[in-house]
Amino acid sequence: MGYSSKSPWLIHYDGSSCNGCDIEVLDSMMPLYDIERFGIINTGNPKHADIFLVTGSVNAQNIEVVRHIYDQMLEPKVVVACGICACTGGVFRDCYNVIGGVDKAIPVDVYAPGCAVRPETIIDAVLKAVEILDEKAKLMAKGKDPATAPRPGILPPKGCACAQDGGDAVASKPVEEKEA
């Protein structure tokens, strides 16, 4: 465990969703799941945050807000897309105002699909983000760009329907959706 991951701070933003994933994010911070046991603290200030956890899809009204929060965060920083809406746009992807997942606005390091994403999956995704945060901190110490850090996510097996059925996969790449 590196210096930057001893007590990473997390900022949560809901893009536009049904709030199911927001409830699960809050649940992951409650005593039953207790993400704080890993030293992760929730903050409301992007300048203090190391991890940007986003739920909901990106639309024309919030894309600049998402980019603004991301730009205010100091390097090294990691982005976690929680829930299928944040990963791909989810059930709202065909709506007139939805642009897509979070990766349409900012680079995403960890994808945590599910509808609604389970607290265990959120914790796994945040811990994966902490690993990536360590890698980015090491690159910065060497004077390199942290955007070139490897993304050691766990990819779902081929044919896995985890993005559709709320499975527990945490991925460093979005799960491709089949065209209907």
Side-chain angles (χ1 to χ4, degrees), residues 10-29 33 35 42 44 46 49-73 77-133 147 149-180:
L10 176 143
I11 186 167
H12 169 235
Y13 177 76
D14 173 35
S16 59
S17 68
C18 68
N19 294 328
C21 291
D22 295 323
I23 292 167
E24 298 301 329
V25 167
L26 293 175
D27 195 26
S28 71
M29 296 179 190
Y33 295 101
I35 200 167
N42 191 29
D50 304 302
I51 300 169
F52 186 16
L53 193 140
V54 185
T55 57
S57 57
V58 173
N59 60 40
Q61 289 185 337
N62 70 11
I63 191 166
E64 290 305 318
V65 175
V66 170
R67 287 180 180 154
H68 188 66
I69 293 171
Y70 179 80
D71 290 341
Q72 286 183 21
M73 293 174 66
K77 58 189 168 189
V78 179
V79 177
V80 179
C82 278
I84 195 63
C85 292
C87 293
T88 64
V91 296
F92 303 108
R93 70 181 172 271
D94 293 328
C95 293
Y96 72 95
N97 63 336
V98 173
I99 297 170
V102 179
D103 55 3
K104 301 291 184 188
I106 56 175
V108 174
D109 297 292
V110 181
Y111 294 85
C115 184
V117 64
R118 296 179 181 140
E120 299 94 335
T121 306
I122 294 168
I123 291 171
D124 288 345
V126 170
L127 294 178
K128 195 56 68 178
V130 169
E131 288 178 28
I132 296 170
L133 188 65
R151 297 177 178 175
I154 301 168
L155 296 175
K158 288 188 178 184
C160 174
C162 62
Q164 287 78 27
D165 68 3
D168 289 335
V170 175
S172 61
K173 296 180 189 173
V175 178
E176 296 296 324
E177 292 188 11
K178 295 179 182 176
E179 292 295 321

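Any value given below was found using the heavy atoms of this structure, including those in side chains, with hydrogens, waters and symmetry copies removed. Position 1 is the first residue of the sequence; numbering continues from there.
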Heavy-atom side-chain proximity of [X] to [Y] below 4.5 angstrom:
| X | Y | answer |
| --- | --- | --- |
| Val126 | Leu10 | yes |
| Tyr13 | Val65 | yes |
| Asp109 | Val80 | no |
| Ile122 | Leu53 | yes |
| Pro107 | Tyr70 | yes |
| Met29 | Asn42 | yes |

Looking only at non-hydrogen atoms, find the nearest pair between [X] and [Y] and report the distance.
| X | Y | value |
| --- | --- | --- |
| Ile11 | Ala49 | CG2-CB, 3.6 Å |
| Cys21 | Cys82 | SG-O, 4.2 Å |
| Ile99 | Ile63 | CD1-CD1, 3.9 Å |
| Val102 | Gly56 | CG2-O, 4.1 Å |

Judged by atom type as modelled, is there a donor-acceptor pair below 3.5 Å linking the side chain of [X] to the main-chain atoms of [Y]?
| X | Y | result |
| --- | --- | --- |
| Asp27 | Pro119 | no |
| Asp71 | His68 | no |
| Ser57 | Gly100 | no |
| Thr88 | Ile84 | yes |

With rounding to the nearest 0.5 Å, note down the distance linking [atom1] in [X] to [atom2] in [Y].
| X | Y | atom1 | atom2 | value |
| --- | --- | --- | --- | --- |
| Arg118 | Ser28 | CZ | OG | 14.5 Å |
| Ile69 | Met73 | CD1 | CE | 9.5 Å |
| Arg67 | Asn62 | CZ | CG | 10.5 Å |
| Asp103 | Tyr111 | CG | OH | 3.5 Å |

Under the side-chain contact (heavy atoms from CB on, under 4.5 Å) rule, what do Val110 and Ile132 come out as? Steps first, then yes or no, please.
CA-CA 9 Å; Val110 181; Ile132 296 170; 3.6 Å; yes
Whether Lys77 engages the ring of Phe52 as a cation-pi pair (distance to the six-membered ring centre under 6.0 angstrom, angle to the ring normal within 45°) should be assessed.
no
Which residues satisfy the side-chain hydrogen bond (donor to acceptor under 3.5 Å, both in side chains) test with Thr55, sequence neighbours excluded?
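In terms of side-chain hydrogen bond (donor to acceptor under 3.5 Å, both in side chains), with neighbours along the sequence ignored, Thr55 is linked to His12, Asp14, Asp22.
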